[in-house]
Number of protein chains: 2
Amino acid sequence: MTGRPPPLYGDHVPDPAPRAAERNQSSSLRRALAVLAEVRDHAGPGQGLTLSRLAESLAMPKSTILRLTAPLVDAGLLARDRRTGAYRLGVGVLRLSQAYLGTLDLRTVAAEESARLAREAGETVHLVIYEPPHVVYIDKVENQATVRMASRIGSRAPVYCTAVGKAILAWQPEEAVAEVVAAGLPPITKFTITDGDRLRADLLRTRQRGYAVDDRENEPEVRCVAAPIFNHDDTVTAALSVSGLTSRITAARVRDLGPRVAQSALRVSRHLGSSR
Amino acid sequence: MTGRPPPLYGDHVPDPAPRAAERNQSSSLRRALAVLAEVRDHAGPGQGLTLSRLAESLAMPKSTILRLTAPLVDAGLLARDRRTGAYRLGVGVLRLSQAYLGTLDLRTVAAEESARLAREAGETVHLVIYEPPHVVYIDKVENQATVRMASRIGSRAPVYCTAVGKAILAWQPEEAVAEVVAAGLPPITKFTITDGDRLRADLLRTRQRGYAVDDRENEPEVRCVAAPIFNHDDTVTAALSVSGLTSRITAARVRDLGPRVAQSALRVSRHLGSSR
DNA sequence: GCACGGTGTTCTGCATTGCAGAACAAACAG
DNA sequence: CTGTTTGTTCTGCAATGCAGAACACCGTGC
């Protein structure tokens, strides 16, 4: 999407014998999706992206964008401010994501367990899936008592500095870990693990005790305990976590919560057909 | 989207002089979006849509769908089951909706609805957000006919004696109500509710009928009807109201306005992604 | 075993369809 | 009013997507 390879735009290679696979790339469709991505990434709460700005940043003629844009607006994926004419995302995207979340059976299966965990722990519970190289939050159960955190559903987070990420990564093959390390481990807080060997040691401990811990590695005031959810083929593509402010989740509490989160995740795994 | 007019697909009108506007319709892009919509609408939790089924229901050749689909998959809007090859929505749609919800300016979303409400009711409409322990006026649409009231945008008001405040409070957890009561309910007018239990009873009625009423509780000559606006996570942090002088807004008129304000607020809620 | 109806995928000539520059219109700013 | 930005329409050119047919690939059931 952001990193679509060579057929960037404007590269007209006068290929004498263009293969079919190289011809049929739906360039217009790809460009339309590039427009969509551009609007998604650069559109502040205040204003959207104007036609000219889009044309400039995507290096396309305005007429092209106008043409590509019309169907997107009709479909509700884009909307146009009727005063300024600026583009923003449209309500249609909500329909998409709602439908998407509806198709996730993991969410349904885990719902009961998440709710119980949230109630018993009195903290916020998150459910994430693994979309390399990130984890994506697909469900959240909040305890009503605490200060509300921003809704995370749909947002992404790095693998190496979150409990859920590490819980998943710990059960991936070594290559996956190597890739994550190779991609770099930029520090988010001063507690973030930025060394590959230390990360591997942490993943080993995670496997041994059955749950992962994020001790202020992603947010300065948040501790987080997560356990892997095993698929029907015993691979790990999801995780369940309990997180909260450090004032509430102490080191001692982590040792109490860990096994309970692992238990909950295990029950979900069983529902999915895991043999664990 | 589902009801796009003539250029359905396959209608080749042998127009001798096709206008530019009729030529540039990005038919391929439109068809790609039709594919997306089809997957969105017909993809149960269990399985996705197979290529052949898509081709059949959309009346397109399989090769076309395959070609259109490739970029959508690359963009993450569609995903393909690696075993069955069936199409389902991809995680990319979450990124879209996440971005969409981030850019939402409540004012913009509510603007259209507020204007209509103001026009139909012929009274002043207010939009407020909840900033405990107050409500803050963030937009106002006046009817030109009446005497103008002092501009309220940005000003704060107590929760317990305004319709907007009560509309919001009625959908908060009991702790929030307790806090408000604990902070005290000083009388503003002689109609102000100053008793915690009476306030709770009023909030209960508000929940039951779907809108809140301020009967001269904040200003001696003003009646006000308000309804809650639900967020994308179905919490309430804003409200919409119609207010006017008691001479114009009678008790009977309140019963007429109530459901209409509730309707308007509901429409705004839907735009914000509420499932209500 | 081999035909079968069912998948998904590749290929290729044809012309429809999208391309982009230029020309136009409209809204501001100086 | 002239200049500079914006958004929009137009149109010749050919690149690009179109769709049918041909291919490869399962499984199932005579």
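Just so it is clear: chains get the letters A, B, ... in the order the sequence lines come, proteins before strands, and each one is counted from 1. Because only heavy atoms are used, hydrogens play no part in the values below, and waters and symmetry mates are left out as well, while side chains stay in.
- Using a 4.5 Å heavy-atom cutoff, the side chains of His126(B) and Ser243(B) are in contact.
- Using a 4.0 Å cut-off, some side-chain N or O of Ser52(A) falls inside it from OP1 or OP2 of dG7(D).
- One distance of note links CG of Leu78(A) with OH of Tyr87(A); it measures 7.5 Å at 0.5 Å rounding.
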Short N/O separations, protein against nucleotides 20-29 of chain D, under 3.5 angstrom:
unit_1	atom_1	unit_2	atom_2	d
dG20(D)	O6	Ser63(B)	OG	3.3

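- Between Ser27(B) and dG17(D), a side-chain N or O to OP1/OP2 separation shorter than 4.0 Å is absent.
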Which donor-acceptor pairs under 3.5 Å do the side chains of residues 52-61 of chain A make with protein atoms, sequence neighbours left out?
unit_1	atom_1	unit_2	atom_2	d
Ser57(A)	OG	Glu38(A)	OE2	3.3
Ser57(A)	OG	Arg53(A)	O	3.0
Ser57(A)	OG	Leu54(A)	O	3.4

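- Side-chain atoms of Arg107(A) come within 3.5 Å of backbone N or O of Ile138(A) as a donor-acceptor pair.
- Contact between the side-chain N/O atoms of Arg31(B) and the OP1/OP2 oxygens of dA19(D) is found at a separation under 4.0 Å.
- Nearest heavy atom pair, residue Ser28(A) against residue Leu68(A), reads O-CD2, 3.7 Å.
- Rounded to whole Å, the distance from CG on Leu51(A) to C1' on dA27(C) is 15 Å.
- Here the side chain of Ser28(A) is nearest to one of dG7(D), dG17(D), dT10(C), namely dG17(D).
- When the nucleotides dG18(C), dG8(C), dA20(C) are ranked by their closest atom to the side chain of Arg80(B), dG8(C) comes out on top.
- Pairing each heavy atom of Leu33(A) with each of Pro71(B), the nearest pair is CD1-O, 3.5 Å.
- Two residues, Leu29(B) and Gly85(A), neighbour DNA chain D, and the one matched to the more 5' nucleotide by heavy-atom proximity is Gly85(A).
- A distance of 6.0 Å separates CG of Leu36(B) from CG of Leu77(B), quoted to the nearest 0.5 Å.
- Taking atom CD of Glu56(B) as the reference point, atom P of dG5(C) lies 17 Å away to the nearest angstrom.
- The two residues Val141(A) and Ser114(A) come nearest to each other via the heavy atoms CG2-CB, 3.8 Å.
- A sub-4.0 Å separation between OP1 or OP2 of dA20(C) and a side-chain N or O of Thr64(A) is present.
- Listed here is the closest heavy atom pair of Gly210(A) and Ala227(A): O-CB, 3.9 Å.
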Taking Watson-Crick and G-U wobble contacts under 3.5 angstrom, with | marking pairs to another strand and [ ] crossing pairs, the secondary structure of DNA chain C is written .||.||.||||||||.||||||||||||.|
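- dT17(C) and dG20(D) have their P atoms separated by 14 Å, given to the nearest Å.
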